[in-house]
Number of protein chains: 2
Amino acid sequence: MKTDTVFKRAFNDALDLVASLPERESLPSESALSTQLGVSRTTVRKVLAELQERGVVSGVGRHWIVQAQAAPADRFPETETVPTAAQVERRFMEWMLRDNARPGTVINELELARQFGVATTGIREFLNRFQSFGLIEKRPNTGWVFNGFTTEFALELFEIREMFELRSARTFVVLPQSSPLWRQLETLRDEHEDLLREIDRRYHDFSELDSRFHSLINAASPNRFIEGFYDIITVIFHYHYQWNKQDERQRNEVAIREHLTYLDALLRRDADAVEAACRAHLKSARETLLRSTSEPGPAGGKA
Amino acid sequence: MKTDTVFKRAFNDALDLVASLPERESLPSESALSTQLGVSRTTVRKVLAELQERGVVSGVGRHWIVQAQAAPADRFPETETVPTAAQVERRFMEWMLRDNARPGTVINELELARQFGVATTGIREFLNRFQSFGLIEKRPNTGWVFNGFTTEFALELFEIREMFELRSARTFVVLPQSSPLWRQLETLRDEHEDLLREIDRRYHDFSELDSRFHSLINAASPNRFIEGFYDIITVIFHYHYQWNKQDERQRNEVAIREHLTYLDALLRRDADAVEAACRAHLKSARETLLRSTSEPGPAGGKA
DNA sequence: TAAACGTTTTTTCTGTATAATAAACAATAT
DNA sequence: ATATTGTTTATTATACAGAAAAAACGTTTA
């Protein structure tokens, strides 16, 4: 049976929305709420019914008004608002990156399903999507093998990343003056400087800036395969840094400075400097990642 | 429930194997058969039981002998030997490439399932894997959208293909004399010349040679992401040419000649000539594909 | 008369069930 | 002893079911 995470998240969001409204204020229409909450009208109605049930709003038909502010206890816990697919992804990445699963480990759908508390269908779906990340392989009728988050993996990943990034950076440099991307690049440069100024307090904000920077570079000449590859990088880095916080502030400060060099070279349209800065930045990113890979080797235990 | 396509294929293969044996000859052991047929011993035993049932072999325990040759009617039809997943793939590619599905078409799991005669699970599994091909996109809780086999798609595909191929060709050229790949390259060259000599009769053999050629080039410095990308190319070309036979002989002859130029340049270690030949070859391959793409445009009808 | 609501239909998501297959283990024969 | 077969167990592939969510359709109200 489907989970009701969509409803629960929408409900929590609706509580926030109600909190921003004065008492006795009337609510937006169902279709307006549907757009605001990003769910269908069907779900909006379910949310509204629940809000009424709990006395947060009252009314009927097209006259809903805010009745009272909800108690914090009314919110659904965060865990119940995340869809199964996302939970499986998270748990799997955790198993892989944090528990340092050994290369060669065979993945057992049933066991993972039990371990993650979901049905095998959910595991299967995830593994099928995840296959394109190059970390697992399918043996038909037999199962899956984890190839390991190895040095080799990181090197292959960065080889492609460098090819793609250099290619995009080169096309960026020759973009006509009229391109709106130049302005976006300048804004991004400012954001980097803002962040650097407050680095001690805001260093975790870097990841988001990083991924916006690299997608802006790619926007110079969009290619769906490059974008798809960046999705892989984004997911891997996201989870990787989630469990690998040493030196985060220091690392991010270095990366911001590298970005600034890179950004300045782009803004000067200096192709050679762009290439050098890009290479240098990727080199240090690669080294960071390499520090936490496992060595390729014979199969370890089971999943 | 699982289909028994593995058993049926193994059974057909076993018939071929028996046909190559004289009457009264004893059969290989179960484990030997398991290796030869590429299935587990469990399936081998099922095959053996069926063969006995039909009077093709007789005996018991470890003494099986060929009793008679099977009638052609004993074979299972080919359609029953292909797993659901492969059937879904084939039917979907057909829908997409042959029926020229319009860009923007929304894909309905239930409808495809009915149309293909499989359960929705099978469709879902395929779509999840197929997502990385860049032709479809998922809208959570809503469904899938087909982005179209458009000119844009072909151009983006070939941009990456060219980057990857040039990179591999460049590393190939500087491979040490001692590398075994040089010998394989020479063998491949000979095979090209053989095929060219008999082109009128054997022109369909080119695809297989083509994919072996490109994977040999990639073998110069293996990278899983490049290999994964070639899987995409291989699948697309495989189905594309299956329903697009015009000029096949002529096209393949041209491609073989291009390969030969490319091969010769590699064998001479002439980097510039390699690059030129590679570019030229990919250019004509791209043009062939472009001829059969559809134009990007607004959504058509439903799936 | 168009936006908002009420109702019905369709479709996705995800759990459960089961045959087919693989794999592990035990027994037997050469 | 070791390869081969017999038996049992574990796991995957795939169908099916049912609730959640979306979408379509119809009705009402301002």
Side-chain angles (χ1 to χ4, degrees), chain A residues 1-10 27-34 38-48 60-64 83-85 87-88 106-114 117-128 138-144 302-303, chain B residues 1-10 27-34 38-48 59-64 83-88 106-114 117-128 138-144 302-303:
Chain A
M1 172 177 94
K2 226 175 166 176
T3 55
D4 58 356
T5 54
V6 172
F7 159 68
K8 284 174 175 166
R9 179 135 62 96
L27 290 180
S29 75
E30 288 179 0
S31 358
L33 282 171
S34 155
V39 296
S40 72
R41 238 185 80 222
T42 308
T43 304
V44 167
R45 300 186 109 238
K46 209 173 150 192
V47 167
L48 250 20
V60 72
R62 52 205 74 193
H63 291 302
W64 296 87
T84 313
Q87 262 181 310
V88 170
V106 21
I107 296 166
N108 184 318
E109 291 179 6
L110 211 61
E111 194 178 320
L112 280 189
R114 276 194 293 257
V118 299
T120 50
T121 326
I123 302 289
R124 228 150 193 277
E125 184 160 315
F126 170 77
L127 293 173
N128 272 312
K138 189 180 173 64
R139 304 277 158 82
N141 288 310
T142 301
W144 301 84
K302 294 236 308 180
Chain B
M1 173 178 89
K2 226 176 167 173
T3 54
D4 58 356
T5 54
V6 172
F7 159 69
K8 284 174 175 166
R9 177 134 63 97
L27 290 178
S29 76
E30 288 179 1
S31 357
L33 283 170
S34 153
V39 296
S40 73
R41 241 186 75 223
T42 308
T43 304
V44 167
R45 300 185 110 238
K46 207 173 152 191
V47 167
L48 250 21
V60 73
R62 54 205 74 194
H63 290 300
W64 296 86
T84 312
Q87 262 180 308
V88 170
V106 22
I107 296 166
N108 184 318
E109 291 178 7
L110 212 62
E111 193 178 321
L112 281 189
R114 275 193 294 257
V118 298
T120 50
T121 328
I123 303 290
R124 246 164 168 263
E125 184 162 335
F126 170 77
L127 293 174
N128 272 310
K138 188 178 172 62
R139 306 276 160 84
N141 288 311
T142 302
W144 301 84
K302 293 237 306 181

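The analysis underlying the following values was restricted to heavy atoms, covering all of them including side chains, and did not include hydrogens, waters or symmetry mates. Below, read A as the first sequence line, B as the second, and so on, with proteins coming before strands; counting in each chain starts at 1.
- Minimum atom distance to the side chain of B/Asn108 is reached by C/dT11, of the listed C/dG15, C/dA4, C/dT11.
- At C/dT21, one or more side-chain N or O atoms of B/Lys46 fall inside 4.0 Å of OP1 or OP2 (strictly under the cut-off).
- Candidate nucleotides D/dT4, C/dT16, C/dT21 were compared by shortest atom distance to the side chain of B/Ser31, and D/dT4 ranks first.
- Nucleotides of DNA chain D nearest to A/Lys138 and B/Thr120 differ in position, and the one nearer the 5' end is that of A/Lys138.
- Scanning atom types as modelled, no donor and acceptor separated by under 3.5 angstrom connect the side chain of B/Lys2 and the base of D/dT14.
- Evaluation of atom-type donor-acceptor distances gives no pair under 3.5 Å for the side chain of A/Thr142 against the base of C/dA22.
- Out of D/dA21, C/dT12, C/dA22, the shortest distance to the side chain of A/Val6 is found at D/dA21.
- Contact record, B/Leu127 with B/Glu109: CD1-CG, 4.2 Å, taken as the closest heavy-atom pair.
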Starting from the C-alpha separation in whole Å, work towards a yes-or-no answer on side chain to side chain contact (heavy atoms under 4.5 Å, CB included) for B/Val44 and B/Phe7. CA-CA 8 Å; B/Val44 167; B/Phe7 159 69; over 6 Å; no
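- Side-chain proximity of B/Ser40 to the nucleotides C/dA22, D/dA21, C/dC5 is greatest for C/dA22.
- For A/Asn141 and C/dA23, the shortest distance from a side-chain N or O to OP1 or OP2 is not below 4.0 Å.
- The distance from atom CG of B/Leu33 to atom P of C/dA22 is 14 Å, rounded to the nearest whole Å.
- In this structure, the CG atom of A/Leu112 is 17 Å from the P atom of D/dA10, given to the nearest Å.
- The listed nucleotides are D/dT7, D/dA20, C/dG6; the one nearest the side chain of A/Glu30 is C/dG6.
- Note on B/Thr84: a side-chain N or O is less than 4.0 Å away from OP1 or OP2 of D/dT14.
- The residue A/Thr43 sits close only to the backbone: its heavy atoms come under 4.0 Å of sugar-phosphate atoms, none of a base.
- Going from atom CZ of B/Phe126 over to atom C1' of D/dT14 covers 17 Å, rounded to whole Å.
- Between A/Arg41 atom CZ and C/dG6 atom C1' there is a gap of 7 Å when expressed in whole angstrom units.
- Look at B/Thr121 and you won't find any side-chain N or O under 4.0 angstrom from OP1 or OP2 of D/dT14.
- The side-chain heavy atoms of B/Leu48 and B/Trp64, taken from C-beta on, include a pair separated by under 4.5 Å.
- Among the nucleotides D/dT7, C/dT11, D/dT12, the one closest to any side-chain atom of B/Arg114 is C/dT11.
- By the 4.5 Å heavy-atom criterion applied to side chains, B/Arg41 and B/Leu33 are not counted as neighbours.
- Distance CG (A/Leu110) to C1' (C/dG15): 13 Å, rounded to an integer number of Å.
- Taking atom CG of residue B/Leu27 and atom P of nucleotide D/dT4, one finds them 14 Å apart after rounding to whole Å.
- As a whole-Å value, the separation of B/Glu111 CD from C/dT12 P is 10 Å.
- Following rounding to the nearest Å, B/Met1 (CE) and C/dA17 (C1') show an atom-to-atom distance of 12 Å.
- Side-chain N or O atoms of B/Ser34 include none that pairs as donor or acceptor with a backbone N or O of B/Ala32 at under 3.5 Å.
- Evaluation of atom-type donor-acceptor distances gives a pair under 3.5 Å for the side chain of A/Thr42 against the base of D/dA23.
- If A/Trp64 and B/Asp4 are placed on DNA chain C by their nearest nucleotide, the residue sitting closer to the 5' end is A/Trp64.
- By the 4.5 Å heavy-atom criterion applied to side chains, B/Thr84 and B/Phe126 are not counted as neighbours.
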